[in-house]
Amino acid sequence: MKLTKLAQIIGLTLTTSLMLIGCGGSSSSSSNADENVTYKVIDEGDVIVGKGMTLQTSTQVTSIEAENGTVEAQSTQTQSEDSKTWIYTLDQTKLEAREIIFPLTEKLTFNYDDGTQKEETLKVDSKDELFKYQWHLYNVGDNKLNFTKPLKKGIDLNFIGAWNTEIDPKTHKKATGKGVVVAVWDSEVDFEHSDLSARKFNDIEDPENLINQPIKNNTNRHGTAVAGIIGATGNNGGVRGEAFEAQIYSYNLDNENYDKLLNDHTNVINASFGAVFYAESESKNKLFFDNLYKSNIPVIQAQGNDYKDAPDYDFFKTHFDRDYFTDLDCDSDLDCQFMQNDDTGRNQGVIHVSAINALGKKSSYSSTGSNVWVAGFGGEYGLDWYDGDHYAITSTLSHFKCSDYTQIKTLDYDYNEEYQKYNLFRSNIEKTCLYTSSMNGTSAAAPSISGIVALMKEANTNLTVPQIKYILAKSAHNDSDWPTLSYDSTSIYFGDKLLEVEHGWLEVEQGLKFSNWYGFGVPDAKKALDLTLTCSNDEFCEKRTKLPKVFVSSNKVLCTQKQENEITSGYVTTCDLSTLVESDETFKTTDKEVTTNIELENVSVDIKGISFISEKYGECAWDEQHIEKIYEKAENEKVSLTSSEVEELTNIYKAYSKTQISLTYNDMERVIKPYKSYWINIRVDPEDTTQELNVLTNVFYLKKINPNEKWTLKVYSNCQINTESLAKYLKLAYMVMLTNF
């Protein structure tokens, strides 16, 4: 029997061509039938996408019955005189119900022309040996890796349903990703890996700009795991990618000339990287992402893995006193970092993705926010030695073998001798180190959505980014059909009053629901494809053939401030905004007022004017110009900070973290920046007209509004806000799909 290299090593058995599978069982076989060999497997097919297995029997067999599928004879023209051929296919309804557990031992009943029967078994499996561990594709609720928390049945992206969807009724072509090009904007992708070599898109190699460069060593595996989730080749052993016939090119994150991503080849960009927690703004970055948006190139970005983490980046570890971090703690019930600080995290056209796990709940680490569009699958850490942990994502690791990792002390627990005994996947199942079962984070969740988008683009190359976003939202599971996604709102005391800092799920327009944890929910790949194919019949999808217009509020803003409590610190700043005017693409206003009703795509608010009035003592005491000099000193001179400088930095981080920003329309107050999430605004210069800090919310999606109705921005803060600075630059920006309704 011929096995793939992986199967030879890990001992998994494939049903190979011409292999004899019949092994007896109960039988009342005909004397005319061969007592030892009932059938042969001529072709394994690809049973998970409806391509049946081809069996061969003697001519005495008149029919074959199967418990979990059907067996049909091929046309008589294809039969030889001494044999018959049959096609075995799985029951799609059982696949949809997650009743088929791979590998399946199928029971076959052979009926002979003399009225006798014989029962045999048939091993039915994917040609990709590790598919059974890719729960995010097909989740039957088993526990093959023996975690304390097993998988929850049905919590997956429904890719078997998607792969069995005809996207061209004339040719009966099914969705595989063929013809779609995905850019993996990440560390280098290891195209020497057997599951990725055939997926490499060769028409865009550019060594000078770090495109499609060979992987340099066996420590840089992030981009390879991301690429495997999106497009690992199907039917060749190992794992299966979501768009397993798509083409991929690697765009190294170290490449500062990222405008090369904007080209005629690219259909989808996956960006599994995060943001810093101090605000940044560069007009060239905004222009780049806006141009991708206009060119119908969706960017799918990881939301971040900092829900429980105080700011703890290497820069601060290197240059700041470690004691500094003891004061930057996290509330156990709140998101610790605000993720709309850079131009990617707050861009209206980028599809931001949070993560859920195999139990159908938010992954413990997953950052949240009003900018989240949907949730993908990131799982947890995938280590059963970790208290309460469970499944991560199985994907490609690199082409290096285990022996190549002997000098590396840690490999995300994939080949660390100290943890090998706890890693069942590595110790007993996949001993080559070519694959990992520990890929996790929103870095995994983003490509799980990119794979869906790749299939959508295959079905309709002309989809605009607004159409893609609409289809993902419309196809998504929320807490109504997946109760595991349910969670409660959260309030804290601000002064002596309760302040709601997390809403939970909210009813929005057109039957959709939205939450800052999951966006519009977890997309269903099959439903997304169906909606793609019927987009022209959906008025909301069809109108998004055109890109939205941008309207802004006028700069006539009045902000008032009051102290919430005379005893405890706490200020509430209220700014009323109204009167829409037209704008250009940079959100600069014109004098032309908007008089027609409008439908919203999203709303963003420029908060670059937020600053505080410094007090002489306490947590609100600092000098923002001096703070900037502290940064410059640490960056340029590489020196440690004095204790007084550490205290000043600590105070200003606390001041910005203990600030909540919300937007209200028609008495609906919605949180944009939650209380107790860290950020800092000193690096956005309000006087620089090329900079903006337009943080966004998707909660008003599809809402129809009157352009002259009032919106209210509220800032809840422990320190006193400079209302003059806030009002000077404050404006709303509306992405609008429809007028005159």
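All figures in this text were calculated on a predicted structure; none of them were measured in a lab. The figures that follow rest on heavy atoms only: side chains count, while hydrogens, waters and symmetry mates do not.
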> Could you check whether any side-chain N or O of D342 sits under 3.5 Å from a backbone N or O of E280, counting only pairs where one atom can act as donor and the other as acceptor?
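Absent.
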
> Hey, could you give me the CG/OG distance between N220 and S187, rounded to the nearest 0.5 Å?
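Result: 4.0 Å between the selected atoms.
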
> Could you tell me whether the side chain of I155 reaches within less than 4.5 Å of the side chain of W482, counting heavy atoms only?
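In contact.
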
> Does either side chain, that of D195 or that of T233, offer a donor lying less than 3.5 Å from an acceptor on the other one?
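No - no donor-acceptor pair under 3.5 Å links their side chains.
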
> Considering non-hydrogen atoms only, spot the tightest contact between E242 and P447 and give its length.
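Between these two residues, the closest heavy atoms are OE1-O, 3.4 Å.
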
> Any chance you could lay out the side-chain contact (heavy atoms from CB on, under 4.5 Å) test for T436 and T394, step after step, and finish with the verdict?
CA-CA 5 Å; T436 176; T394 299; over 6 Å; no

> Pairing donors with acceptors under 3.5 angstrom, does anything connect the side chains of T344 and N347?
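No.
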
> Between the side chain of H265 and the main-chain N/O of I204, is any donor-acceptor distance below 3.5 Å?
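No: the side chain of H265 does not pair with the backbone of I204.
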
> Taking the six-membered ring of Y307, is NZ or CZ of K362 closer than 6.0 Å to its centre and within 45° of its axis?
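Ring-cation test returns yes.
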
> With side-chain hydrogen bond (donor to acceptor under 3.5 Å, both in side chains) as the test, pick out the partner of N270 among S443, S448, S450.
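Of all the options given, the one that passes is S450.
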
> For the residue pair L600 and R544, what are the closest heavy atoms and their distance?
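L600 and R544 have their closest heavy atoms at O-NH2, 4.5 Å.
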
> Can you find a side-chain donor-acceptor pair between Q340 and N694 that sits under 3.5 Å?
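No, no side-chain donor-acceptor contact under 3.5 Å.
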
> Does the distance from a Lys or Arg side-chain N to an Asp or Glu carboxylate O, for R199 and E245, drop under 4.0 Å?
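Salt bridge absent between R199 and E245.
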
> With ring centroids as reference points, do Y487 and W517 lie under 6.0 angstrom apart?
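For Y487 and W517, the ring centres are under 6.0 Å apart.
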
> About how many Å separate CG of L292 and CG of L262, when rounded to the nearest 0.5 Å?
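The CG atom of L292 is 5.0 Å from CG of L262, to the nearest 0.5 Å.
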
> Which word best sums up how the rings of Y365 and Y381 line up, parallel for under 30°, tilted for 30 to 60°, or perpendicular for over 60°?
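Because their plane-to-plane angle is over 60°, the rings of Y365 and Y381 count as perpendicular.
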
> Just by distance, no angles: are the side chains of T368 and D335 close enough, under 3.5 Å, to form a donor-acceptor pair?
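Note: T368 and D335 side chains meet the donor-acceptor criterion.
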
> To the nearest 0.5 angstrom, please state how far the CD1 atom of I449 sits from the CD atom of Q301.
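Answer for the CD1-CD pair, I449 versus Q301, is 13.5 Å.
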
> Compare all side-chain heavy atoms of K469 with those of L472 and state whether any distance is below 4.5 angstrom.
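They are not in side-chain contact.
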
> If we only count heavy atoms from C-beta on, is the H399 to S194 side-chain gap below 4.5 Å?
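They are not in contact (no side-chain heavy atoms under 4.5 Å apart), so the answer is no.
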
> For S486 and D479, which heavy atoms make the closest approach, and how far apart are they?
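Scanning both residues, the minimum pair turns out to be OG-CB, 3.3 Å.
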
> For E380 and S364, does a side-chain donor sit closer than 3.5 Å to a side-chain acceptor?
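Checked: E380/S364 side chains pair up, N/O donor to acceptor below 3.5 Å.
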
> Could you tell me whether a side-chain N or O of S366 sits under 3.5 Å from a main-chain N or O of A355, the two making a donor and an acceptor?
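Confirmed, S366 side chain pairs with A355 backbone.
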
> Is the shortest side-chain N to carboxylate O distance from E188 to K216 below 4.0 Å?
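Yes, charged N to carboxylate O under 4.0 Å.
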
> Is the W373-Y701 ring centre distance short of 6.0 angstrom?
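Aromatic pair counts; centres sit under 6.0 Å.
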
> Given the rule in the side-chain contact (heavy atoms from CB on, under 4.5 Å) test, do I211 and Y249 qualify, once you have shown the distances and angles that lead to the verdict?
CA-CA 7 Å; I211 298 173; Y249 72 90; 3.9 Å; yes

> Which value, rounded to the nearest 0.5 Å, describes the distance between L696 atom CG and L663 atom CG?
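Those atoms lie 11.0 Å apart.
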
> Can the ring centres of F338 and Y656 be said to be less than 6.0 Å apart?
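No.
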
> Relative to each other, are the rings of F377 and W135 parallel, tilted or perpendicular (30° and 60° limits)?
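Ring orientation, 0 to 90° scale: perpendicular.
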
> How long is the span from the CZ atom in F400 to the CG atom in D190, to the nearest 0.5 Å?
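Nearest 0.5 Å value for the CZ-CG distance: 6.5 Å.
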
> Is a side-chain donor-acceptor pair under 3.5 Å present for T464 with N296?
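The criterion, which ignores hydrogens and geometry beyond distance, is not satisfied for T464 and N296.
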
> So, S398 side chain and R221 main chain: donor-acceptor pair closer than 3.5 Å or not?
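Looks like no, no N/O pair under 3.5 Å.
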
> Do D156 and H136 get their side chains close enough for a donor-acceptor pair, meaning under 3.5 Å?
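No donor-acceptor contact under 3.5 Å links the two side chains.
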
> Contact between V603 and V605 at the side-chain level, heavy atoms closer than 4.5 Å - yes or no?
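Not touching, per the 4.5 Å side-chain cut-off.
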
> If only side-chain N and O atoms count, and only distance matters, is there a donor-acceptor pair under 3.5 Å linking Q348 with N602?
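Result is no, nothing qualifies.
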
> With distance as the sole test, does T697 use its side chain to make a donor-acceptor pair with the main-chain N or O of V699 at under 3.5 Å?
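Indeed, once roles are kept as given, a pair shorter than 3.5 Å links the two residues.
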
> Tell me if a side-chain donor or acceptor on N440 pairs with a main-chain N or O of G379 at a distance below 3.5 Å.
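Not confirmed, N440 side chain does not pair with G379 backbone.
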
> So does K153 have more than 12 non-hydrogen atoms from other groups sitting under 6.0 Å from NZ?
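Yes - once you tally the heavy atoms of other residues, nucleotides and ligands closer than 6.0 Å, there are more than 12.
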
> Ignoring hydrogens, what is the shortest heavy-atom contact between S515 and G504? Give both atom names and the distance.
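In this case the closest contact between S515 and G504 is CB-O, 3.8 Å.
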
> Grab the two heavy atoms, one from F520 and one from N698, that are nearest each other, plus how far apart they are.
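Result for this residue pair: CZ-O, 3.6 Å.
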
> Would you check if the side chain of D128 reaches a backbone N or O of L130 as a donor-acceptor pair within less than 3.5 Å?
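No, because the side chain of D128 does not come within donor-acceptor range (under 3.5 Å) of the backbone of L130.
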
> Do the non-hydrogen side-chain atoms of I356 and L485 ever get within less than 4.5 Å of each other?
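Touching, per the 4.5 Å side-chain cut-off.
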
> Decide yes or no on side-chain contact (heavy atoms from CB on, under 4.5 Å) for W163 and T176, but give the supporting numbers first.
CA-CA 6 Å; W163 295 329; T176 62; 5.8 Å; no

> In Å, rounded to the nearest 0.5 Å, how long is the span from CG of D524 to CG of D481?
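Rounded to the nearest 0.5 Å, the CG-CG separation comes out at 9.0 Å.
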
> What do the steps show when you test F514 against W505 for ring pair (Phe, Tyr, Trp, His ring centres under 6.0 Å), and what is the final call?
CA-CA 6 Å; F514 181 84; W505 284 97; 7.9 Å; no

> State which residues pass salt bridge (Lys or Arg N to Asp or Glu O under 4.0 Å) with D343; sequence neighbours excluded, sorted by chain then number.
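With sequence neighbours excluded, D343 shows a salt bridge (Lys or Arg N to Asp or Glu O under 4.0 Å) to R346, given in chain and number order.
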
> Taking side chain as C-beta onward, heavy atoms only, is M456 less than 4.5 Å from I468?
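Yes, at least one pair of side-chain atoms sits under 4.5 Å.
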
> Before giving the answer on side-chain contact (heavy atoms from CB on, under 4.5 Å), spell out for V550 and M735 the whole-Å C-alpha distance, their side-chain angles and the decisive distance to 0.1 Å.
CA-CA 5 Å; V550 179; M735 302 288 281; 3.7 Å; yes

> Which residues satisfy the salt bridge (Lys or Arg N to Asp or Glu O under 4.0 Å) test with D206, sequence neighbours excluded?
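Counting only residues at least two positions away or on another chain, D206 forms a salt bridge (Lys or Arg N to Asp or Glu O under 4.0 Å) with K260.
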
> So, K294 and D290, do they make that salt bridge, N to O below 4.0 Å?
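Judged by the 4.0 Å cut-off on N to carboxylate O distance, K294 and D290 do not form a salt bridge.
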
> Determine whether the side chains of H193 and T224 contain a donor N or O and an acceptor N or O closer than 3.5 Å.
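T224 and H193 do not have a side-chain donor-acceptor pair below 3.5 Å.
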
> Is there a side-chain contact between T396 and L196, using heavy atoms and a 4.5 Å cut-off?
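Contact flag for T396/L196 side chains = yes.
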
> Can you name the closest pair of heavy atoms from I452 and A525 and give their distance?
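For I452 and A525, the tightest heavy-atom pair comes out as CG1-CB, 3.9 Å.
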
> Under 3.5 Å, side chain of Q303 to main-chain N/O of S354, donor-acceptor pair present?
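Side chain of Q303 to backbone of S354: no pair is present.
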
> Please confirm whether the backbone N or O of P674 pairs with a side-chain atom of S677, one donor and one acceptor, at under 3.5 Å?
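Here the side-chain-to-backbone pair exists.
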
> Is a side-chain N or O of D186 found less than 3.5 angstrom from the main chain of S250, in a donor-acceptor match?
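Checked: no pair found.
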
> Is any side-chain heavy atom of Y133 closer than 4.5 Å to one of S437?
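They are not in side-chain contact.
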
